[in-house]
Amino acid sequence: MRDLKHLLYFENLLQTADNELIEGCRREGGVCVAYTCENVPEPLLNLDRAFSIRLFAPHTGSLDISTYYMTAFLCETSRALLERAIEGGFNFADCIVAPDGCTMMNRCVENMELLQTMGKGNERFFHEYMEIPLKCDENNLALYELQCQNHILKPLAEHYGLDVSEASIRKAAAEHNRVCELIRAIGDLRKEQRPRITGYEFHVLTLATYVCPKALLLDKLEETLDELRAREPDEREYRARVVLVGSEIDDSALIRLIEETGAYVCADRFCFGSLPGRDPIALNDDESALTQICRHYMESCQCPRMMNMEKVYGRKQYVSELAKAYHADGVIYQQVKFCDPWAYERLMGSTMLRDDYGYPVLSVDRPYNSASSSGQLRTRVQAFVESMEIKKLKGGAAQ
């Protein structure tokens, strides 16, 4: 297929956490709100002059300093973020909001605060920590809403004078939905038998919407969607189609590695992916926008920290439904090393998707930066793809 016109532009934005769009927004008076977890309602971080940036640490190398503060038994994502913060890589942020999505990420942000790694020269800089529901019900919705009021809306208004009114929230939700609609329209092209976008390309586009000011990407996303609709797909067919499930993937090279084996990543059910992370938020006029946004995040959440049984079993059913909708041949469950929530989920999910839903499943743990073990990962994915091919040739389902 022909190269996408703006792919290099998006790839360059992902080379550093402090990209050119962030700097441009701050020069024009924007307030950069950093966050670390998909459980934070994103539209609430984009009110008025504020714009949200999800922290990530591209091209991570040594984790020696962060390991000294956090030990080697905490997940590599949390250590990579702390390492980058200690290096001064997140000084562009004007505040940071951290929920208790997991204990490890909380320890990461607490160390950032104790070591004073962010907010240098900014007296208005603040750290906020949120308590996030473990179950999906009305009591937890009230808790969620209160946490958003106290730890997002109130400090943004007090420290930066931002408009956090109902009208401002609805405007931010509408802008958020436009980005979601574009990403999902692009992502739906992956359902085609001969897809006109690769999983790698889609991941680059999706990741950019989390780590850049989204409003500045709209024109290029719209142009890319039009370009894709007219793009001629390759004649060749992929050896297998897979759903990629698990903890966050900041490293597009991992998607490229999987697809270099002949597999096609047709759906992305991982933290900060498009499913369900880029589901539009439907708002009515009967309830406050804040309540509806919090309910949307709580009900659509596929995070393994949600513990009511409907959520526990529903997460596996959701993956199965994605596999059907995107015509997947198998599922890859992955987790960043030492990620406790996804370690349990990976064990249960890989077993249930195989035994209860009949899908071939590959279960792996991986480093934050896939380059450090690319050979081993490639070998395992290649073997998985070959097993699916063999079973298909024999007319059966791969195991």
Side-chain angles (χ1 to χ4, degrees), residues 33-47 50 52-56 74-75 77-78 81 93 95-110 112 127-156 169 172-173 176 180 206-207 209-211 214 245-250 268-281 289-308 310-312 314-315 318 335-336 339-345:
V33 183
Y35 70 111
T36 58
C37 177
E38 64 174 337
N39 288 291
V40 179
E42 208 176 344
L44 303 182
L45 310 181
N46 289 275
L47 304 177
S52 65
I53 296 297
R54 198 264 290 179
L55 296 184
F56 79 131
L74 272 66
C75 85
T77 301
S78 62
L81 294 186
C95 58
I96 182 168
V97 178
D100 59 348
C102 71
T103 303
M104 299 183 188
M105 196 57 71
N106 257 15
R107 298 295 83 78
C108 168
V109 178
E110 286 174 351
M112 291 179 184
H127 295 77
E128 287 289 341
Y129 301 89
M130 295 176 60
E131 184 179 351
I132 301 298
L134 286 167
K135 293 186 177 181
C136 182
D137 57 33
E138 289 302 310
N139 286 334
N140 280 282
L141 175 60
L143 166 67
Y144 202 5
E145 188 172 350
L146 181 63
Q147 291 290 305
C148 289
Q149 288 173 336
N150 290 341
H151 299 289
I152 300 178
L153 303 185
K154 183 178 178 180
L156 286 177
I169 295 174
H176 174 84
C180 292
T206 303
L207 181 57
T209 67
Y210 285 103
V211 302
K214 286 181 281 298
V245 183
S247 55
E248 66 179 322
I249 298 177
D250 298 340
D268 54 322
R269 193 2 269 153
F270 45 77
C271 301
F272 301 108
S274 71
L275 301 163
R278 286 294 174 246
D279 284 345
I281 304 171
L290 176 60
T291 299
Q292 294 179 77
I293 289 171
C294 288
R295 182 183 291 113
H296 168 87
Y297 271 82
M298 193 174 70
E299 291 181 349
S300 66
C301 178
Q302 297 293 321
C303 178
R305 74 183 308 280
M306 296 290 279
M307 300 303 293
N308 50 310
E310 294 84 359
K311 283 286 190 179
V312 171
R315 288 194 292 269
Y318 182 74
Q335 69 167 85
V336 174
C339 173
D340 285 345
W342 275 104
Y344 289 102
E345 185 71 11

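None of these values were measured; they are calculated from a predicted model.
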Check the side chains of Thr209 and Arg278 for a donor-acceptor pair under 3.5 angstrom, ignoring hydrogens and angles. yes

State, to 0.1 Å, how close Ile281 and Tyr297 come at their nearest heavy-atom pair, and which atoms those are. CD1-CE1, 3.9 Å

Using 30° and 60° as the class limits, which term best fits the ring planes of Phe272 and Tyr35: parallel, tilted or perpendicular? perpendicular

Taking every heavy atom of Met104 against every heavy atom of Ser78, the minimum-distance pair comes out as O-CB, 3.7 Å

dist Cys102:SG -> Arg305:CZ (nearest 0.5 Å) comes out at 9.0 Å

To the nearest 0.5 angstrom, please state how far the NE2 atom of His176 sits from the CG atom of Leu45. 10.5 Å

Value rounded to 0.5 Å, distance of CG in Leu81 from CE in Met105: 5.0 Å

Arg295 side chain to Glu138 main-chain N or O, any donor-acceptor pair under 3.5 Å? no

Could you go step by step and tell me if Cys95 and Leu156 meet the side chain to side chain contact (heavy atoms under 4.5 Å, CB included) rule? CA-CA 9 Å; Cys95 58; Leu156 286 177; 4.2 Å; yes

Correct closest heavy-atom pair for Ser274 and Asp268 would be N-OD2, 2.7 Å

Test your reading of the model: is there a side-chain donor-acceptor pair from Arg269 to the backbone of Tyr318, 3.5 Å cut-off? no

Take Leu134 and Asn140 through the test side chain to side chain contact (heavy atoms under 4.5 Å, CB included) and record every step on the way to the result. CA-CA 8 Å; Leu134 286 167; Asn140 280 282; 5.6 Å; no

Working for side chain to side chain contact (heavy atoms under 4.5 Å, CB included), residues His296 and Asp279: CA-CA 9 Å; His296 168 87; Asp279 284 345; 4.0 Å; yes

Are the side chains of Val245 and Phe270 in contact, using a 4.5 Å heavy-atom criterion? no

Is any side-chain N of the basic residue among Glu310 and Lys135 closer than 4.0 Å to the acidic one's carboxylate O? no

Please answer whether the main-chain N or O of Gly273 pairs with a side-chain N or O of Tyr210 as donor and acceptor at a distance below 3.5 Å. yes

Side-chain donor-acceptor pair present, Gln335, Ser247, cut-off under 3.5 Å: no

Which residue, Glu38, Arg315, Glu345, Lys311, forms the side-chain contact (heavy atoms from CB on, under 4.5 Å) with Cys303? Glu38

Contact between Glu110 and His127 at the side-chain level, heavy atoms closer than 4.5 Å - yes or no? no

Close side-chain approach of Pro99 and Thr36, heavy atoms under 4.5 Å: yes

Once you round to the nearest 0.5 Å, how far does CD of Glu248 lie from CZ of Arg54? 4.5 Å

Give the minimum heavy-atom separation between Ile152 and Pro41, together with the two atoms involved. CD1-CD, 4.5 Å

Do you know which two heavy atoms are closest between Leu141 and Thr291, and how far apart they sit? CD1-O, 4.0 Å

Taking atom CG of Leu44 and atom SG of Cys294, what is their separation to the nearest 0.5 Å? 6.0 Å

Candidate pair Leu47 and Leu153, rule side chain to side chain contact (heavy atoms under 4.5 Å, CB included), full reasoning: CA-CA 9 Å; Leu47 304 177; Leu153 303 185; 3.5 Å; yes

Indicate the atoms forming the closest heavy-atom contact of Ile96 with Leu55, along with that distance. CD1-CD1, 3.7 Å

Please report the interatomic distance CH2(Trp342) to SG(Cys271), rounded to the nearest 0.5 Å. 6.0 Å

